[in-house]
Amino acid sequence: MSENHGYRYNVNKLMLEFPYYVNEFIQSKDTVPLSIASIYSYCLEFRKYLKWMNEHNITNHDDIKEITLKEMENVTKRELEDFVLHERLRLEAKCGPRGPYISTKSNHCSD
């Protein structure tokens with residue numbers, strides 16, 4: 001199986017978890033010259049964010065697929081900043097603090 005086929009398989013699998021509006025966004029990225037690896041990364045970030053919304057009681061659903069577009073529209077700037085801070089702290093805990101410069105060596109600390 002080619003690497004691209006593997007990414008496509010994973011994207012399709014992840015899309016089963018998403019609300020329709022996320023799927024529409026992901027599908028729209030197929031029409032621009034964007035690599036399937038980049039689209040897969042978008043999917044991972046969407047899943048991470050949607051799960052975080054439920055875990056932090058911004059939404060309250062058993063399944064991230066149930067998060068409505070209206071709920072997404074009502075996310076406050078503060079809630080979004082909280083997610084960004086959460087992700088930064090999570091990555092720093094995993095990989096150590098990054099100064100103003102990003103290392104050019106691969107250390108697999110991007111997820």
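All values reported here derive from a predicted model rather than from experimental measurement.
The minimum heavy-atom distance linking E66 with E71 is given by the pair O-OE1, 4.0 Å. In this structure, L80 and V75 approach most closely via the heavy-atom pair N-CG1, 4.2 Å. In terms of heavy-atom proximity, I64 sits nearest to P19 at O-CG, 3.5 Å. Taking each heavy atom of M72 and Y49 in turn, the nearest pair found is CE-CE2, 3.9 Å. The two residues L34 and S38 come nearest to each other via the heavy atoms CG-CB, 3.9 Å. Heavy atoms only, all atoms of each residue included: T59 and N54 are closest at OG1-OD1, 2.5 Å.
Separation of the F25 and F46 ring centroids falls under the 6.0 Å cut-off.
Between atom CG of residue N74 and atom OG1 of residue T76 there is a gap of 9.5 Å, rounded to the nearest 0.5 Å. Remark: H56 NE2 to F83 CZ distance equals 10.0 Å, nearest 0.5 Å. Separation of atoms CE (M15) and NZ (K65) is listed at 9.5 Å; rounding is to 0.5 Å. Atom-to-atom distance recorded for E55:CD and N60:CG is 12.0 Å, nearest 0.5 angstrom.
The side-chain heavy atoms of M53 and H61, taken from C-beta on, include no pair separated by under 4.5 Å. Side-chain contact between I36 and Y9: absent, with no pair of heavy atoms (C-beta onward) separated by less than 4.5 Å. Using a 4.5 Å cut-off on side-chain heavy atoms (C-beta onward), E73 and T68 make no contact. Looking at heavy atoms from C-beta onward, V84 lies out of side-chain contact with E81 at the 4.5 angstrom threshold.
S41 places a side-chain N or O within 3.5 Å of a backbone atom of A37 that can act as its donor or acceptor partner.
No continuous path of ILVMFWY side-chain contacts below 4.5 Å connects L16 to V22, so the two sit in separate hydrophobic clusters. Criterion: ILVMFWY side-chain heavy atoms under 4.5 Å apart, direct or through other members. Under it, L91 and L89 are not part of a common hydrophobic cluster.
Taking the six-membered ring for Trp and thresholds of 30 and 60 degrees, H86 and W52 have ring planes inclined between 30 and 60 degrees apart. Under the 30°/60° scheme for interplanar angles, the aromatic rings of Y7 and Y40 are found to be tilted.
With respect to I39, the side chain to side chain contact (heavy atoms under 4.5 Å, CB included) criterion is satisfied by exactly one of D30, N10, L14, V32: D30.
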